[in-house]
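Note on naming: letters A, B, ... go to the chains in the order of the sequence lines (proteins, then strands), and numbering restarts at 1 for each one.
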Protein chains: 2
Amino acid sequence: MSGSRQMAESTSSVQEQASGSGPKKSGGKGLDAIYRSISAAIIEHRLKPGARLREDALADVFGISRTGIRKVLQRLALEQLVTLTPRRGASVTRPSVDEARDVFEARLMVECGLMEVAAKRITEADIQELRDMAKQEREALRNREQRSAIKLSAAFHARLAEISGNRTLAEFVGQLASRSSLILAVYGNAGHLGCESHDHDNLIELLAAGDGARASGFMERHLKSIEASLSIFEEPEETPDLKDIFAVDA
Amino acid sequence: MSGSRQMAESTSSVQEQASGSGPKKSGGKGLDAIYRSISAAIIEHRLKPGARLREDALADVFGISRTGIRKVLQRLALEQLVTLTPRRGASVTRPSVDEARDVFEARLMVECGLMEVAAKRITEADIQELRDMAKQEREALRNREQRSAIKLSAAFHARLAEISGNRTLAEFVGQLASRSSLILAVYGNAGHLGCESHDHDNLIELLAAGDGARASGFMERHLKSIEASLSIFEEPEETPDLKDIFAVDA
DNA sequence: CGCATCCAGAGCGTATACAATAGAGCCCTG
DNA sequence: CAGGGCTCTATTGTATACGCTCTGGATGCG
């Protein structure tokens, strides 16, 4: 890696790149806003895993036709935030146990690896921005605004990944962070919501000091502690083993 | 596999056969077939970077309406294989220099990391399958079927990642491998097409021996050698610096 | 003769209409 | 009264229609 290149406002991933010239109608820009809106609702747990997302209802809410909604839902499905079942429509994804493990394993690998890169590339402006984000997060926690806190925490990890300068990996981390929010919704214990904001502060200091190795190690413990805080039970399966469950009663 | 220049025989035959007898049996499955068809065409360089993909034309070729085509194109866009420009339609992505670097950096991080996991989990069946794939690849190379070879090479890396058991990371690697094929199309030198099949054989042996560390190191050299073989020039950019170019004339 | 403007064509973006299907409730029958 | 089949409705899947924008060429004016 090298050089100087900044990653403008990421998260838009595809399409809508050069539309800076003028506000042409509500066009595809509106769709992106709808995407962000639904995405935020899911990440903040205002839409809980399993919630059904009927196309008509969404189309009505956002004032567009189903065509646009379908587009948005398809994108969300590709990011694994919603699940599309063939004739049943869309619903907020309920991550499986395997999926949860996979996501955290992936985060461990990628985010830790990125810390080394980020420690070398981080700038003063980055540090300031991260501190602001961490501060916002702490305040949200203090005010018991768990929804904001969750979203801010995911945003923090995503922003951290962007510092590496690798857009591809940053996008990937962003998706993983979003999915982690879903995982927390299903397997998390109430009251203990994922990241301790204190951890994030420590992380910033290590990066500011340019100590990539330590930052990586700290991130590893950070992620592992989150994963460890989950209650990963197999939960009610598709086909609950009724025979087993009612064996004593029968 | 002689010169079919655009998406040719295989694609149309599949679709026509499927919807020939029944009313509309194909359902969403047909769309997946179309996705794979276009995806394969891109990876095999039958569709070159920059090629425009007009919706009408594709709809005509595959015998469905633009609706389904748009869905497929959107998916391909999210995977960065095609680029959607607001009012200009879809075209095969021409990866930028930055993107190429990002993709290989990501592969380095993820694929090497996965080798350690894969070495522990690999089974006899996996080894056999990988050997078969490597063999196919060697044969394709020997027969000068570069298109097949490229596709097989990407498939090999993707399959390798699957062994880790981590579906999320495996999917990610699959996408990176596909994008690498695009990068090779733009920045690769003719005659030297990415992976040496010999490398793949060595990799299999290291994994079969359970030596994750060495496999990881080998993968690192493997990927770096591919990246090093590219001719990464800045090339004509979006906005060529005309003032600079014609400065002497003016 | 050169340049700006207008016109026509092509292709994408969105909405709407129609068809098919799964789920649920209801009726009929044993 | 219970069970099974049937219809009926709600919701998704697909196609088509229409409008808007952008491109390229022709035309009129300076």
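Here the P atom of nucleotide dT14(D) and the CZ atom of R87(A) are 7 Å apart, to the nearest Å. Distance L73(B) CG to dG13(C) C1': 14 Å, rounded to the nearest Å. If you measure from atom CG of L84(B) to atom C1' of dG13(C), you get 11 Å, rounded to the nearest angstrom.
With sequence neighbours left out, the ring-ring contact (aromatic ring centres under 6.0 Å, His included) criterion links F104(A) to no other residue. Shown here are the side chain to side chain contact (heavy atoms under 4.5 Å, CB included) partners of S96(B), two or more places apart in sequence or in another chain: D98(B), E99(B). For K151(A), the side-chain hydrogen bond (donor to acceptor under 3.5 Å, both in side chains) partners two or more places apart in sequence, or in a different chain, are E44(A). Contacts of R121(B) classified as side chain to side chain contact (heavy atoms under 4.5 Å, CB included), with partners at least two apart in sequence or in another chain: V117(B).
When every heavy atom of R159(A) is checked against every heavy atom of L130(A), the shortest pair comes out as CG-CD2, 4.0 Å. Scanning both residues, V92(A) and K48(A), for their nearest heavy atoms gives CB-O, 3.4 Å.
Within 6.0 Å of CZ on R94(A) lie no more than 12 heavy atoms contributed by other residues, nucleotides or ligands.
If R52(B) and G68(A) are placed on DNA chain C by their nearest nucleotide, the residue sitting closer to the 5' end is R52(B).
Without hydrogens or angle criteria, T93(B) side chain to Q80(B) main chain gives a donor-acceptor distance under 3.5 Å. Counting only distance, with no hydrogens or angles, the side chain of N166(A) and the backbone of E105(B) share no donor-acceptor pair below 3.5 Å.
If you check dC22(D), dG13(D), dT14(C) against the side chain of R70(A), the one that comes closest is dG13(D). Side-chain atoms of T67(B) lie closest to dT16(D) of the nucleotides dC22(D), dT16(D), dG13(D).
In this model, the phosphate group of dG13(D) is not approached by any side-chain N or O of K71(B) to a distance below 4.0 Å at OP1 or OP2. Remark: S65(A) is in phosphate contact with dA15(C), judged by side-chain N or O atoms under 4.0 Å from OP1 or OP2.
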For nucleotides 23-25 of chain C, which of its nitrogen or oxygen atoms have a protein nitrogen or oxygen under 3.5 Å away, and what is each distance?
from, atom 1, to, atom 2, distance (Å)
dG23(C), OP1, R88(A), NH1, 3.3

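A donor N or O paired with an acceptor N or O is found under 3.5 Å between the base of dG13(C) and the side-chain atoms of R66(B).
Contacts between residues 53-61 of chain A and DNA chain C, defined by a heavy-atom separation under 4.0 Å, are absent.
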